[in-house]
K.L.:
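Before we start, here is the structure in question, set down as structure tokens.
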Amino acid sequence: MAALKYAGMDDTDSEDELPPGWEERSTKDGWVYYANHDEMKTQWEHPKTGKKKRCAGDLPYGWEQETDEKGQIIYIDHINKRTTYFDPRQAFTVEDVMVKPKRYDGNTAALEILQGRDLSDKVVLITGGNSGVGFETARSFSLHGAHVILACRNLTRANKAVGLIQQEWHKARVEAMMCDLASLRSVREFAQSFKAKKLPLHILVCNAAVCTQPWSLTEDGLESTFQICHLSHFLLVQCLQDVLRRSAPARVVVVSSESHRFTDLLDSCGKVDLALLSPPKKEYWSMLAYNRAKLCNILFSNELHRRLSSHGVTSNAVHPGNMMYTSIHRSWWLMTFLFTLARPFTKSMQQGAATTVYCAVAPELEGLGGMYFNNCFRCLPSIQAQDQSSAASLWELSERLVAERRRRRGGD
């Protein structure tokens with residue numbers, strides 16, 4: 001009630017008084033949710049009535065919605081010269097009986113999720129967006145007005161992808177930039193080039209990956225699957241986190257895989273072991289390296305959300321879907337053969353991109369993160385992927401690795 005009084009709207013006969021320790025909040029799009037400060041959790045349903053609500057109508061005359069330096073949504077009353085974190089529309093909420101977030105599943109296409117959405121005010125960055133699921137993700141965002149940047153190693157292929165999207169819609173704002181995830185130096189150079197554009201960054205999709213690669217070391221002396229799938233994305237987010245924070249609310253979507261369930265990262269002492277993440281050639285198995293990198297993706301996403309959510313930057317990890325035919329398996333003839341046989345039963349690339357797009361734009365996920373999604377549904381990852389100490393340990397190891405490699409190369 002104090003917030004209502006501050007907003008000048010304390011004259012109400014509402015019977016939905018909240019229990020002690022609860023607070024009513026709203027998302028940028030007007031969906032009402034409830035925060036329990038005692039149990040440190042949020043939910044969409046009113047803790048007493050179980051009803052869902054949304055804000056009715058626009059902001060009152062003279063009010064404006066802004067974002068403060070911490071990324072929190074604030075409301076400014078220009079007439080009375082005051083500011084509050086309380087959405088004045090919450091005094092006029094209505095039950096969510098007609099308008100509910102639509103449920104999607106494994107058959108949903110990315111363009112279906114974006115139907116009717118205008119993303120012309122959004123800037124989206126996608127790694128590996130020149131083919132497969134990444135291309136369909138980029139195409140879907142571009143066809144709905146977003147300014148999309150493809151961060152790719154092969155500029156020839158990336159520019160071809162740009163051309164295909166612009167052939168479909170000549171007004172599409174999509175461009176390609178060079179970023180080789182097998183080189184930490186290239187990641188830093190890309191981040192500098194992106195910042196030079198003076199653009200915001202509302203959605204960052206860490207999509208690029210390699211699978212079933214023969215053993216090789218990057219120029220940084222690390223096993224390539226680990227660096228391309230995890231470490232370079234870690235560095236990319238580190239380099240761009242100031243842009244993400246200034247652009248809040250912003251979202252990071254990390255593309256993982258269900259294969260993360262079939263491995264672990266810990267040594268006999270329960271610590272994340274670099275020898276497992278970047279093994280020597282004699283101890284290398286390509287599929288196991290991929291599984292470990294995908295487990296890193298979820299741990300990284302969870303820790304990123306823990307560190308940046310208070311600044312308006314959320315992060316979720318996704319699995320694009322089972323039995324999906326992509327070129328990621330091209331390095332292993334057996335996997336290519338098996339997927340060729342199964343291709344009539346696989347998901348399309350549009351369906352594969354759906355979960356990424358859902359986590360990037362769904363209004364009901366505004367401000368929420370640290371979760372794992374499969375087929376547009378939240379599900380529980382493996383036990384180790386939920387372990388906060390493993391996530392923190394991997395973060396510290398990743399920080400140390402990128403710092404050490406930079407010192408070795410003379411601070412490039």
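These numbers were taken from a predicted model, which means no experiment stands behind them.
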K.L.:
Indicate the atoms forming the closest heavy-atom contact of Thr314 with Gly367, along with that distance.
P.N.:
CG2-C, 3.6 Å
K.L.:
Evaluate the criterion side chain to side chain contact (heavy atoms under 4.5 Å, CB included) for residue pair Leu277 and Leu265; output intermediate values, then yes/no.
P.N.:
CA-CA 7 Å; Leu277 294 173; Leu265 305 177; 3.4 Å; yes
K.L.:
To the nearest 0.5 Å, tell me how far Asp387 CG sits from Ile298 CD1.
P.N.:
13.0 Å
K.L.:
Spell out, as yes or no, whether a donor-acceptor pair under 3.5 Å connects the side chain of Glu223 to the backbone of Trp215.
P.N.:
no
K.L.:
Which pair of non-hydrogen atoms, one from Gln350 and one from Leu111, has the smallest distance, and what is that distance?
P.N.:
OE1-N, 2.9 Å
K.L.:
Going by ring pair (Phe, Tyr, Trp, His ring centres under 6.0 Å), name the residues that satisfy it together with Trp22, two or more places apart in sequence or in a different chain.
P.N.:
none
K.L.:
Partners of His230 by ring pair (Phe, Tyr, Trp, His ring centres under 6.0 Å), sequence neighbours excluded?
P.N.:
Phe226, Phe300
K.L.:
Are Glu189 and Arg185 ion-paired here, with the side-chain N under 4.0 Å from a carboxylate O?
P.N.:
yes
K.L.:
Under the rule for ring pair (Phe, Tyr, Trp, His ring centres under 6.0 Å), what residues qualify as partners of Tyr34, not counting sequence neighbours?
P.N.:
His46
K.L.:
Tell me, please, which residues at least two apart from Arg307 pass salt bridge (Lys or Arg N to Asp or Glu O under 4.0 Å).
P.N.:
Glu303
K.L.:
Ignoring hydrogens, what is the shortest heavy-atom contact between Leu181 and Ala208? Give both atom names and the distance.
P.N.:
CD1-CB, 3.5 Å
K.L.:
To the nearest 0.5 Å, what is the distance between CG (Leu295) and OG (Ser259)?
P.N.:
9.5 Å
K.L.:
Which pair of heavy atoms, one from Pro381 and one from His260, lies closest together, and at what distance?
P.N.:
CB-NE2, 3.5 Å
K.L.:
Val357 vs Leu114, test: side chain to side chain contact (heavy atoms under 4.5 Å, CB included). Steps then yes/no.
P.N.:
CA-CA 8 Å; Val357 169; Leu114 293 176; 3.6 Å; yes
K.L.:
Within a radius of less than 6.0 Å around CD of Glu23, do more than 12 heavy atoms belonging to other residues, nucleotides or ligands occur?
P.N.:
yes
K.L.:
Show me the pairs that pass ring pair (Phe, Tyr, Trp, His ring centres under 6.0 Å) and involve residues 161-184, at least two apart or across chains.
P.N.:
none
K.L.:
Charged N to carboxylate O below 4.0 Å: is that the case for Glu364 and Lys52?
P.N.:
no
K.L.:
Could you go through Asn316 and His305, starting from their C-alpha distance and side-chain angles, then the distance that decides it, and tell me whether this counts as side chain to side chain contact (heavy atoms under 4.5 Å, CB included)?
P.N.:
CA-CA 8 Å; Asn316 286 299; His305 178 75; over 6 Å; no
K.L.:
Run the side chain to side chain contact (heavy atoms under 4.5 Å, CB included) test on Val253 and Thr137 for me, step by step, so that the C-alpha distance in whole Å, both residues' side-chain angles and the decisive distance to 0.1 Å come before the verdict.
P.N.:
CA-CA 11 Å; Val253 182; Thr137 303; over 6 Å; no
K.L.:
Just wondering, more than 12 heavy atoms not from Lys271 lying within 6.0 Å of its NZ?
P.N.:
no
K.L.:
Hey, does the side chain of Asp220 reach the backbone of Leu184 with a donor-acceptor pair shorter than 3.5 angstrom?
P.N.:
yes
K.L.:
State, without any angle test, whether Asn297 and Lys294 hold a side-chain donor-acceptor pair at a distance under 3.5 Å.
P.N.:
yes
K.L.:
For the atom pair CG (Asn154) and NZ (Lys160), what is the distance rounded to the nearest 0.5 Å?
P.N.:
10.5 Å
K.L.:
For the pair Lys195 (side chain) and Cys239 (backbone), establish whether a donor and an acceptor sit closer than 3.5 Å, ignoring hydrogens and angles.
P.N.:
yes
K.L.:
Strictly by modelled atom types, are His144 and Arg117 linked by a side-chain donor-acceptor pair under 3.5 Å?
P.N.:
no
K.L.:
To the nearest 0.5 Å, how far apart are CD in Gln384 and OG in Ser389?
P.N.:
8.5 Å
K.L.:
Give me the atom names and distance for the closest heavy-atom approach of Thr355 to Cys376.
P.N.:
OG1-N, 3.1 Å
K.L.:
Could you note down all residue pairs passing salt bridge (Lys or Arg N to Asp or Glu O under 4.0 Å) where residues 139-151 supplies at least one of them, sequence neighbours left out?
P.N.:
Glu136-Arg139, Arg139-Glu168
K.L.:
I need the minimum non-hydrogen distance between Leu18 and Glu24, along with the two atoms involved.
P.N.:
CD1-N, 3.5 Å
K.L.:
Working to the nearest 0.5 angstrom, can you tell me the gap between Cys359 SG and Ile203 CD1?
P.N.:
11.0 Å
K.L.:
Does a donor on one side chain and an acceptor on the other come within less than 3.5 Å for Tyr284 and Gln213?
P.N.:
no
K.L.:
Please check if the side chain of Ser142 supplies one atom and the backbone of Ala138 the other of a donor-acceptor pair under 3.5 Å.
P.N.:
yes
K.L.:
Measure the spacing between CG of Leu365 and CZ of Phe373 and express it to the nearest 0.5 Å.
P.N.:
4.5 Å
K.L.:
Looking only at side-chain N and O atoms, does Thr212 offer a donor or acceptor that is under 3.5 Å from a partner on Ser286?
P.N.:
no
